[in-house]
Participant: 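The following block contains the structure, expressed as structure tokens.
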Amino acid sequence: MQQIAGLDAVVLARRLIGARLTVRGAGGTIIETEAYAPDDPASHSHRGPTPRNASMFGPAGHAYVYRSYGIHLCLNVVATPGAAVLIRALDPDTGLDLMRARRPAPPLCSGPGRLTQALDIRPDDDGAAFDGPDFGIVLAAAVPDLLVGPRIGISRAQDLPWRFGLAGAAGLSRPFPRARPDR
DNA sequence: CGCTGGATGGTCT
DNA sequence: GACCATCCAGCGC
């Protein structure tokens with residue numbers, strides 16, 4: 001995808017807030033992301049390429065899909081080699097019936113595991129292009145007000161403020177500690 | 001509200 | 001054998 005190719009993971013994580021994500025006819029507005037960098041101890045790419053994280057070292061603008069806690073899948077957008085952005089929450093507005101059928105109990109898309117279930121992300125989506133037939137991303141026309149905070153659910157590099165949210169959005173996976181918008 | 005523990009499986013030490 | 005980029009139900013306040 002031309003607009004996001006080559007962007008640093010932190011820059012991309014910020015730019016994806018407010019963007020529109022669609023997967024096979026379902027989707028909505030991205031309201032929460034996290035950045036993972038190559039030299040980042042919390043990143044799967046930290047120790048170099050492996051079979052699991054191979055797509056993190058593949059083309060930018062493609063998906064990195066991995067299984068989390070043996071149960072859930074998580075969806076990332078590859079940034080630079082070894083760097084990716086985790087999509088943590090969506091404000092769903094398209095294909096709501098599809099999503100509700102896949103996830104009977106709300107919330108639909110508040111959390112990385114929940115949104116992959118609602119969007120019917122599958123393990124073989126790993127490596128798929130976001131400008132391909134199944135996935136689409138359209139960046140926001142204007143830069144929205146962002147919330148910034150530490151990443152969720154990690155045990156290392158907990159101090160890095162690499163979690164981003166859309167200010168005022170309902171449906172964040174968790175509140176941001178910091179009350180004030182970043183800009 | 002908050003906290004705790006179980007589910008569940010691949011990856012890495 | 002340990003460790004998770006998670007979610008949910010159950011319990012106590």
Side-chain angles (χ1 to χ4, degrees), chain A residues 4 7-17 19 21 23 30-58 60-92 99-128 130 135 137 146-166 170-177 179:
Chain A
I4 63 179
L7 291 183
D8 170 86
V10 174
V11 173
L12 179 60
R14 302 179 69 110
R15 197 157 305 183
L16 285 178
I17 298 297
L21 169 68
V23 180
I30 298 173
I31 60 172
E32 186 180 338
T33 62
E34 283 177 359
Y36 288 86
D39 56 351
D40 165 12
S43 173
H44 293 170
S45 63
H46 177 226
R47 294 176 192 273
T50 67
R52 169 169 81 144
N53 66 23
S55 58
M56 280 188 90
F57 294 89
H62 286 229
Y64 168 47
V65 175
Y66 68 92
R67 190 174 296 279
S68 175
Y69 291 88
I71 303 175
H72 302 98
L73 296 174
C74 290
L75 174 66
N76 297 252
V77 182
V78 176
T80 54
V85 175
L86 173 66
I87 310 297
R88 286 195 57 91
L90 238 53
D91 181 13
M99 291 191 269
R100 282 192 279 256
R102 297 160 183 160
R103 254 200 132 266
L108 280 177
C109 294
S110 298
R114 292 170 177 151
L115 76 86
T116 57
Q117 189 183 359
L119 295 176
D120 190 31
I121 302 292
R122 306 186 274 264
D124 62 300
D125 288 321
D126 186 38
F130 277 97
F135 292 71
I137 289 181
L146 301 183
L147 304 170
V148 180
R151 295 174 290 180
I152 305 284
I154 55 172
S155 59
R156 299 191 285 190
Q158 296 177 343
D159 51 312
L160 293 176
W162 284 359
R163 175 184 177 224
F164 304 97
L166 179 64
L172 295 172
S173 69
R174 294 177 54 173
F176 277 74

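Note that this is a predicted model, so its numbers are computed, not measured. Here is how names work: the chains are called A, B, and so on, in the same order as the sequence lines, proteins then strands, and each is numbered from 1.
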Participant: If pairing requires Watson-Crick or G-U wobble contacts with both distances under 3.5 Å, which nucleotide is the partner of C:dA5?
Facilitator: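 WC or wobble partner does not exist here.
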Participant: Identify whether any heavy atom of A:Arg52 sits under 4.0 Å from a base atom; if not, whether one sits that close to sugar-phosphate; answer base, sugar-phosphate or nothing.
Facilitator: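 Contact class for A:Arg52: sugar-phosphate only.
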Participant: Which whole-number value in Å describes the distance from A:His72 NE2 to C:dA5 P?
Facilitator: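 After rounding, the reported distance stands at 14 Å.
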Participant: Between C:dC7, C:dA5, C:dC4, which nucleotide gets closest to the side-chain atoms of A:Ile154?
Facilitator: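 Selected nucleotide (nearest to the side chain): C:dA5.
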Participant: Does the side chain of A:Asp126 come under 3.5 Å of the side chain of A:Ser55 through a donor N or O and an acceptor N or O?
Facilitator: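 Per modelled atom types, A:Asp126 and A:Ser55 side chains form a pair under 3.5 Å.
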Participant: Measure from the side-chain N and O atoms of A:Arg151 to the backbone N and O of A:Ala35, and report whether any donor-acceptor pair falls under 3.5 Å.
Facilitator: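 Judged by distance alone, yes, a pair lies under 3.5 Å.
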Participant: If every non-hydrogen atom of A:Pro38 is compared with every non-hydrogen atom of A:Pro81, which pair is closest and at what distance?
Facilitator: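 Scanning both residues, the minimum pair turns out to be CG-O, 3.4 Å.
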Participant: What is the distance from CD1 of A:Ile121 to P of C:dC7, rounded to the nearest Å?
Facilitator: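 A:Ile121 atom CD1 is separated from C:dC7 atom P by 14 Å.
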Participant: Check whether any side-chain N or O of A:Thr50 sits under 4.0 Å from OP1 or OP2 of B:dC12, and answer yes or no.
Facilitator: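 Yes, because at least one side-chain N or O of A:Thr50 sits under 4.0 Å from OP1 or OP2 of B:dC12.
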Participant: Kindly say whether, by distance alone, the side chain of A:Tyr66 makes a donor-acceptor pair under 3.5 Å with the base of C:dA5?
Facilitator: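 Answer yes: a donor N or O sits under 3.5 Å from an acceptor.
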Participant: Distance check needed: C:dA5 C1' versus A:His46 NE2, whole Å only.
Facilitator: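 Result: 15 Å.
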Participant: Mark yes or no for whether A:Arg15, through its side chain, and A:Val11, through its backbone, hold a donor-acceptor pair below 3.5 Å.
Facilitator: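 A pair under 3.5 Å: no.
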Participant: Could you check whether A:Arg103 gets within reach of a base, just the sugar-phosphate, or nothing at all, counting any heavy atom under 4.0 Å?
Facilitator: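 Answer is sugar-phosphate: A:Arg103 comes under 4.0 Å of backbone atoms only.
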Participant: Under 4.0 Å between a side-chain N or O of A:Arg67 and OP1 or OP2 of B:dT11?
Facilitator: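 No.
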Participant: Could you tell me how far apart A:Met56 (CE) and B:dT11 (P) are, to the nearest whole angstrom?
Facilitator: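 After rounding, the gap between these two atoms is 15 Å.
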Participant: How many whole angstroms separate atom CG of A:Asn53 from atom P of C:dC3?
Facilitator: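 So the CG-P distance, A:Asn53 to C:dC3, works out to 21 Å.
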Participant: What's the CD-P distance between A:Gln117 and C:dC7, to the nearest Å?
Facilitator: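 Distance check: A:Gln117 CD to C:dC7 P gives 10 Å.
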Participant: Considering every strand and a 4.0 Å limit on heavy-atom distances, what is the contact class for A:Gly113: base, sugar-phosphate, or nothing?
Facilitator: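 Sugar-phosphate contact only - A:Gly113 comes under 4.0 Å of backbone atoms but never of a base.
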Participant: Tell me: OH of A:Tyr69 to P of B:dG5, nearest whole Å?
Facilitator: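 Taking OH of A:Tyr69 and P of B:dG5, I get 15 Å after rounding.
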Participant: Taking any strand in view, what nucleotide pairs with B:dT8 in a Watson-Crick or G-U wobble way, both distances under 3.5 Å?
Facilitator: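 Checking every strand shown, B:dT8 finds no partner, since no pair has both distances under 3.5 Å.
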Participant: Is the aromatic ring centre of A:Tyr36 closer than 5.5 Å to the centre of the six-membered base ring of C:dA5, with the two planes inclined by less than 30°?
Facilitator: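 A stacking contact exists, since A:Tyr36 sits close and nearly parallel to the base ring of C:dA5.
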Participant: Rounded to whole Å, how long is the line connecting atom CZ of A:Arg88 with atom C1' of C:dA5?
Facilitator: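 Answer to the nearest Å: 7 Å.
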Participant: Testing A:Ile30, A:Leu12, A:Leu7 one by one against A:Val77 for a side-chain contact (heavy atoms from CB on, under 4.5 Å), which residue passes?
Facilitator: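 Among the candidates, only A:Leu12 passes.
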Participant: Determine the sole option in A:Ile121, A:Val65, A:Leu86 for which the side-chain contact (heavy atoms from CB on, under 4.5 Å) test with A:Cys74 is passed.
Facilitator: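 Exactly one pass, corresponding to A:Leu86.
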Participant: From C:dA5, C:dT6, C:dC7, pick the nucleotide closest to the side chain of A:Leu86?
Facilitator: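 Minimum distance to the A:Leu86 side chain belongs to C:dA5.
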Participant: Starting at the 5' end of DNA chain C, which residue's closest nucleotide do you reach first, A:Pro107 or A:Asn76?
Facilitator: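 Checking each residue's closest nucleotide, the 5'-ward one belongs to A:Asn76.
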Participant: Examine B:dT13: is either OP1 or OP2 under 4.0 Å from a nitrogen or oxygen in the side chain of A:Arg47? Give yes or no.
Facilitator: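 For A:Arg47, the contact criterion (side-chain N or O under 4.0 Å from OP1 or OP2 of B:dT13) is met.
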Participant: Could you tell me whether A:Ile71 contacts a base, only the sugar-phosphate backbone, or nothing, with contacts defined as non-hydrogen atoms closer than 4.0 Å?
Facilitator: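 Here A:Ile71 touches the bases of the nucleic acid.
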Participant: Has A:His44 got a side-chain N or O lying under 4.0 Å from the OP1 or OP2 atom of C:dA5?
Facilitator: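 True: A:His44 side-chain N/O within range (under 4.0 Å) of C:dA5 OP1/OP2.
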Participant: Does C:dC7 have its OP1 or OP2 closer than 4.0 Å to a side-chain nitrogen or oxygen of A:Ser68?
Facilitator: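 So the side chain of A:Ser68 is outside the cut-off, no N or O lying under 4.0 Å from OP1 or OP2 of C:dC7.
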